[in-house]
Amino acid sequence: MEYARALRQLKLLEQKGGSMRLAAEGWPKEWQTLISTIMSAQSRDETTIPIALGLFNRYPSVKELALASYPDVLFLLKSLNYNRTKAKNVILCAQDLMCDYNGDVPHDFEKLIALPGVGRKTANVFLSEYGHHGLAVDTHVYQLARALGWSNANHPHKVEDDLKKLFPKKYWVNINPILVRFGKLHTSRKKKNQLLEQIKEIN
């Protein structure tokens with residue numbers, strides 16, 4: 001597919017999408033962005049954000065979070081999917097940030113994915129929030145990219161590679177939030193498929 005057509009499709013997806021806040025957006029501190037993104041994995045953004053706000057109110061610095069007790073953090077995260085793993089990872093991640101980076105978050109992909117709870121998607125979401133060319137592939141991006149013919153790959157990392165080849169680098173940071181908002185707004189499979197058929201017809 002030519003990128004110009006894909007770009008027109010991306011812009012229509014943006015028009016048809018919502019404007020909801022995503023879990024990585026709007027935090028005043030970088031460590032909060034990273035921790036909230038870790039927490040949001042396989043959980044709804046609208047569920048994650050108020051829980052993250054409660055966590056950050058109780059632990060207002062990365063140092064305090066690094067010293068937090070597991071039972072207390074688990075209690076705060078009790079409504080999240082995979083809360084036990086996430087409670088452990090957010091504490092360990094905060095500890096690593098304190099020990100290795102003086103409480104700062106590295107803006108380096110390899111260093112990010114070495115942190116507890118941080119995979120490719122989380123690292124790319126974080127980097128894109130701070131002006132880097134990250135392209136995060138989650139379930140929404142994976143499914144929509146395949147549905148629109150942007151990629152035929154059957155693995156998120158390969159879909160990421162295909163999208164990076166298709167779109168110029170300056171658009172990478174827009175792809176995840178646009179597709180995620182579209183996917184979250186249109187929860188009816190029938191309605192979503194109808195819209196996708198219209199979008200696929202764009203020349």
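Both backbone and side-chain heavy atoms feed into the values below; hydrogens, waters and symmetry mates do not. Computed from a prediction, not measured in an experiment: that's the story for all the values here.
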Pair Leu166-Glu2, side chain to side chain contact (heavy atoms under 4.5 Å, CB included): steps then yes or no: CA-CA 7 Å; Leu166 177 61; Glu2 61 176 287; over 6 Å; no

Donor + acceptor pair across side chains of Glu64, Ser61 (<3.5 Å): yes

Just wondering, do [Y] and [X] contact through their side chains at under 4.5 Å, heavy atoms?
| X | Y | value |
| --- | --- | --- |
| Asn124 | Glu160 | yes |
| Val173 | Leu135 | no |
| Leu65 | Leu97 | no |
| Leu195 | Phe182 | yes |
| Arg58 | Asp72 | yes |
| Tyr82 | Leu77 | no |

Aromatic plane relationship, Trp172 with His133 - under 30° parallel, 30 to 60° tilted, over 60° perpendicular: perpendicular

Proximity of His107 and Phe126 rings by center, below 6.0 Å: yes

In terms of heavy-atom contacts, does [atom1] of [X] have more than 12 from other residues, nucleotides or ligands at under 6.0 Å?
| X | atom1 | result |
| --- | --- | --- |
| Lys63 | NZ | no |
| Arg8 | CZ | yes |
| Lys16 | NZ | no |

Steps toward side-chain hydrogen bond (donor to acceptor under 3.5 Å, both in side chains) verdict (Ser43, Lys86): CA-CA 11 Å; Ser43 293; Lys86 291 177 181 178; 2.9 Å; yes

Approximate separation, where rounding is to 0.5 Å, of [X] [atom1] and [Y] [atom2]:
| X | Y | atom1 | atom2 | answer |
| --- | --- | --- | --- | --- |
| Leu144 | Ile175 | CG | CD1 | 11.5 Å |
| Ser40 | Asp138 | OG | CG | 8.5 Å |
| Lys200 | Leu148 | NZ | CG | 7.0 Å |
| Leu7 | Ile202 | CG | CD1 | 10.5 Å |
| Leu196 | His186 | CG | NE2 | 9.0 Å |

Cation-aromatic face contact Arg21/Trp27, 6.0 Å, 45 degrees: yes

Evaluation steps, salt bridge (charged side-chain N to carboxylate O under 4.0 Å, His left out), between Arg181 and Glu25: CA-CA 13 Å; Arg181 287 190 174 98; Glu25 298 174 338; 2.7 Å; yes

Contacts of Asp104 that satisfy side-chain contact (heavy atoms from CB on, under 4.5 Å) - sequence neighbours left out: none

Candidate pair Tyr59 and Trp31, rule ring pair (Phe, Tyr, Trp, His ring centres under 6.0 Å), full reasoning: CA-CA 12 Å; Tyr59 301 102; Trp31 69 269; 9.3 Å; no

